[in-house]
Amino acid sequence: MSWDIVIGLEVHVELSTRSKIFCGCPTDFGAAPNTQCCPICIGMPGALPVLNEKVLEYAVKAGLALDCEIQRNNQFDRKHYFYPDLPKAYQNSQLYLPYCKDGHVDLTLSSGETKRIRIRGIHMEEDAGKLIHSPAGDCTYLDYNRGCVPLIEIVSQPDMCSAEEAVAYVSHIKSTLEYLEVSDCQMQEGSLRADVNLSVKPGGSEELGTRTEMKNLNSFRAIERAIAFEAERHIAILEDGGAVKQETRRWDDNKGQSFAMRSKENAQDYRYFPDPDLPPLVVEDAFIERLRANLPEFAAAKAARFVAECGLNPTDAATITADKTIAALFEDTAALAKSAKEVSAWMLGDMMYHMSDRGMDSGALQIKPAAFAAFVGAVTDGQINRTAGKKVFEYVFDGGDDVAGYIAEHGLLQISDDGAIGAAVDKVLAANEKAVAEYREGKTKAFGFLVGQVMKDLQGKGNPGQINAMLKEKLEEV
Ligand code: ADP
Ligand code: MG
Ligand code: ZN
């Protein structure tokens with residue numbers, strides 16, 4: 001029997017406003033514990049919250065960018081539960097009248113197909129504090145710095161049916177919010193995290209199966225692995241004649257397994273009610289329209305423009321524009337460089353390689369567009385060949401800005417002089433009679449070997465086209 005996987009995601013994103021959602025405390029990550037708190041954000045009785053207008057602005061921008069309808073009238077509700085990281089014993093959230101409804105994201109999948117994922121809604125809420133369990137296991141510390149940090153929660157419809165789609169959906173949201181500059185979206189710091197709701201149903205069936213929810217996944221890899229594991233777990237239970245229990249589960253990325261945490265609570269367990277300290281919120285049209293008019297160009301539009309203006313292929317353009325910083329680097333460099341395609345080729349090849357090799361994200365890139373453009377010029381003009389290019393590129397990657405100086409200092413200028421190349425070819429032919437004989441017997445592999453030897457003799461700086469031509473010529477001569 002075949003099974004369909006059904007996935008709905010709840011994505012939590014910390015907004016990067018300078019102060020918290022209901023008080024003036026700073027939101028900086030990594031400050032000493034409990035140094036960024038006040039009576040409001042630790043819930044002292046009688047302290048009164050006031051909504052930070054910047055939070056509303058960031059949240060509305062996110063809603064517009066995800067094609068949602070902004071609700072003119074919305075309100076905050078108290079969601080009650082007891083947990084040590086929540087000193088008020090309720091979280092300010094939005095249940096009855098969230099500020100955003102009915103959006104969508106259009107994904108381009110690896111098959112080339114596009115697929116629309118509907119967004120049910122987005123609401124604003126406050127984050128909770130953090131529990132830090134002592135390594136000795138004898139106590140737990142509480143850090144309330146994160147309490148009252150603004151969050152939005154983006155809730156999808158159960159429209160995804162594979163890990164690929166879930167990852168593409170989260171990537172799209174991450175890229176969009178980065179372009180908007182409303183969140184740093186650092187998954188490893190928890191500023192973007194996803195809850196994965198998953199169920200399976202018999203292939204083609206209309207009726208949804210019972211779902212489980214895995215909380216707080218904070219990397220793409222974790223999302224992918226958690227989906228694979230959980231889908232398999234559901235299918236095994238069902239094929240065994242059992243029933244999946246609706247529950248909240250914890251994904252343990254080290255063990256590669258999910259574990260039951262608690263049976264799923266219902267909305268009524270939280271005893272939601274409108275927060276009497278926060279008046280209903282009326283969002284004015286003028287406010288929304290001002291934000292709409294100032295939305296930036298997002299990844300998909302930018303990619304389409306790079307295809308049209310720079311001749312990139314759509315896949316390369318999509319990769320480059322997924323990350324705002326990388327897209328800007330491409331655009332700034334291409335404006336100065338002789339060949340935009342060459343810029344993109346070095347970015348997708350050597351630049352991505354060094355980034356992943358060093359575990360860097362785009363924020364740490366040091367490349368200067370002018371130097372990068374000069375480097376591309378040196379390659380396209382034939383001043384340096386690709387082998388030397390790799391070395392020079394690494395210099396540019398590390399922030400170097402004197403490309404010509406670096407090439408000269410390291411003697412990397414390409415050798416295109418017929419005399420020098422001819423001499424190297426003669427030398428190699430004389431020293432490698434066996435390979436020459438093999439070539440004449442029709443073994444083409446021997447030719448590659450000889451090219452390599454000539455290049456080696458020229459210390460990697462020979463013009464490969466000329467080496468090829470001259471070797472061929474001399475091999476045919478005799
Ligand atoms: P709750 O309010 O209890 O968290 P919701 O019905 O609001 O539950 O759904 C939460 C998330 O779970 C949504 O993203 C939704 O798309 C997803 N979801 C709901 N039902 C299913 C299901 N049967 N299979 C997979 N995902 C589901
Ligand atoms: Mg939920
Ligand atoms: Zn505070």
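In listed order, ligands and their atoms are each counted from 1. What you see is a predicted model; the values in this text were computed from it and never measured.
- For atom 8 (O) of ligand 1, the candidate residues are E207, R211, E10; the nearest heavy-atom contact is made by R211.
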Mind listing the side-chain donor-acceptor pairs of residues 27-40 below 3.5 Å, one per line with the distance, residues two or more places apart or on another chain?
{"unit_1": "T27", "atom_1": "OG1", "unit_2": "T17", "atom_2": "O", "d": "2.7"}
{"unit_1": "T27", "atom_1": "OG1", "unit_2": "R18", "atom_2": "O", "d": "3.2"}
{"unit_1": "N34", "atom_1": "OD1", "unit_2": "Y144", "atom_2": "N", "d": "2.7"}
{"unit_1": "N34", "atom_1": "ND2", "unit_2": "L142", "atom_2": "O", "d": "2.9"}
{"unit_1": "T35", "atom_1": "OG1", "unit_2": "A32", "atom_2": "O", "d": "2.6"}

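- Around the CD atom of E53, the shell of radius 6.0 Å holds no more than 12 heavy atoms that belong to other residues, nucleotides or ligands.
- Residue-ligand proximity, Q157 to ligand 1, at heavy-atom distances under 4.0 Å covers atoms 16 (O).
- The atoms of ligand 1 that sit less than 4.0 Å from any heavy atom of G8 are 14 (O), 16 (O), 17 (C), 26 (N).
- Heavy atoms from other residues, nucleotides or ligands lying under 6.0 Å from NZ of K101 number 12 at most.
- The shortest N or O to N or O distance between G209 and ligand 1 is under 3.5 Å.
- Checking only distances, R120 does come within under 3.5 Å of ligand 1, N or O to N or O.
- Those atoms of ligand 1 with a heavy atom of S156 less than 4.0 angstrom away are 13 (C), 14 (O), 15 (C), 16 (O).
- Partner V200 forms a side-chain contact (heavy atoms from CB on, under 4.5 Å) with one of L238, T210, I7 and no other, that one being L238.
- Ring centroids of F372 and F393 are separated by less than 6.0 Å, placing the two rings close together.
- The shortest N or O to N or O distance between V155 and ligand 1 is not below 3.5 Å.
- Computed with the Zn ion (ligand 3) at the centre, the C23 SG to C38 SG angle is 110°, stated to 10 degrees.
- Remark: side-chain polar atoms of E14 are not paired, donor with acceptor, to backbone N or O of L151 under 3.5 angstrom.
- Annotation for ligand 1: atoms under 4.0 Å from non-hydrogen atoms of L9 are 14 (O).
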